[in-house]
Amino acid sequence: QVQVVQSGGGLVQAGGSLRLSCAASGRTFSTYNMGWFRQAPGKEREFVAFIIWSGGRTNYADSVKGRFTISRDSAENTVYLQMNSLKPEDTGVYYCAVSRGDYGLQYRSRYDYWGQGTQVTVSS
């Protein structure tokens, strides 16, 4: 079993920055890949970014490219989402997720374990 614990988030003005953290523990962590999703009120959960643990390849949703950065700390088994130049439309609950697969990581169905979610609110 894998436990996924998130931290960070909060309220920020448009143009500001926040950093989310996600710590995973449990079985053979090095074989897992990780992603971030978000869900705005009344909308479906959508892909934000993922990182391939081995090698560090990343992928981003078009809406966050150039503003968000996903990274990992292998020693701490932690993944981060640095969010800069935040916009009101970035508001939502952000979820970290762990996948045992290595393809199709922009799809929710590819993830096996999820964090508890953390609220990000960007005011205009």
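Fair warning: this is a prediction, and the values are worked out from it, not measured in the lab. The first residue of the sequence shown is numbered 1, and numbering continues consecutively from there.
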Is there a donor-acceptor pair under 3.5 Å between the side chain of [X] and the backbone N or O of [Y]?
X    : Y    : result
T78  : E76  : yes
R38  : R45  : no
R110 : Y103 : yes
N33  : G101 : yes
D112 : S99  : no
S21  : S7   : no
R67  : S85  : yes
Y60  : I70  : yes

Taking the side chain as every heavy atom from C-beta outward, state whether [X] and [Y] have any atom pair closer than 4.5 Å.
X    : Y    : result
L81  : T69  : no
C22  : V4   : yes
S74  : R72  : yes
M83  : V120 : yes
L86  : L18  : yes
Q82  : S17  : yes
Y111 : V98  : no

Could you grab the distance from atom [atom1] of [X] to atom [atom2] of [Y], nearest 0.5 Å is fine?
X    : Y    : atom1 : atom2 : answer
Y113 : Q3   : OH    : CD    : 9.0 Å
L11  : S123 : CG    : OG    : 5.0 Å
Q13  : S124 : CD    : OG    : 9.5 Å
D102 : R57  : CG    : CZ    : 8.5 Å

Lys/Arg cation over aromatic W114: R108, 6.0 Å, 45° cone: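 No, R108 does not sit over the ring of W114.
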Distance under 6.0 Å and angle within 45° of ring axis: R19 vs Y80: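 Judged by the rule, R19 and Y80 form a cation-pi pair.
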Ring center gap for F47 and W36 short of 6.0 angstrom: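 No, too far apart.
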Steps toward side chain to side chain contact (heavy atoms under 4.5 Å, CB included) verdict (T118, V93): CA-CA 5 Å; T118 187; V93 178; 5.9 Å; no
Considering all heavy atoms, the nearest W53-D73 contact: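 Nearest heavy atoms, W53 then D73: CZ2-O, 4.0 Å.
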Heavy-atom pair of closest approach, residues M34 and V79: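 Smallest interatomic distance, heavy atoms only, reads CE-CG1, 3.5 Å.
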Joint hydrophobic cluster, F37 plus I51, side-chain heavy atoms closer than 4.5 Å: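 Looking at the clustering, I51 is in a separate group from F37.
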Verify same cluster id: V48, V122 (apolar side-chain graph, 4.5 Å):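 Same cluster.
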Donor + acceptor pair across side chains of Q119, T121 (<3.5 Å):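 A donor-acceptor contact under 3.5 Å links the two side chains.
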Residues T58, F50; criterion side chain to side chain contact (heavy atoms under 4.5 Å, CB included); working and verdict: CA-CA 6 Å; T58 59; F50 72 71; over 6 Å; no
Stepwise side chain to side chain contact (heavy atoms under 4.5 Å, CB included) test for Y95 and Q6: CA-CA 8 Å; Y95 296 90; Q6 300 177 219; 4.2 Å; yes
Basic-acidic side-chain contact under 4.0 Å: D62, K65: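 Judged by the 4.0 Å cut-off on N to carboxylate O distance, D62 and K65 do form a salt bridge.
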Check against side chain to side chain contact (heavy atoms under 4.5 Å, CB included), L105 and I52: CA-CA 9 Å; L105 294 177; I52 301 296; 3.4 Å; yes
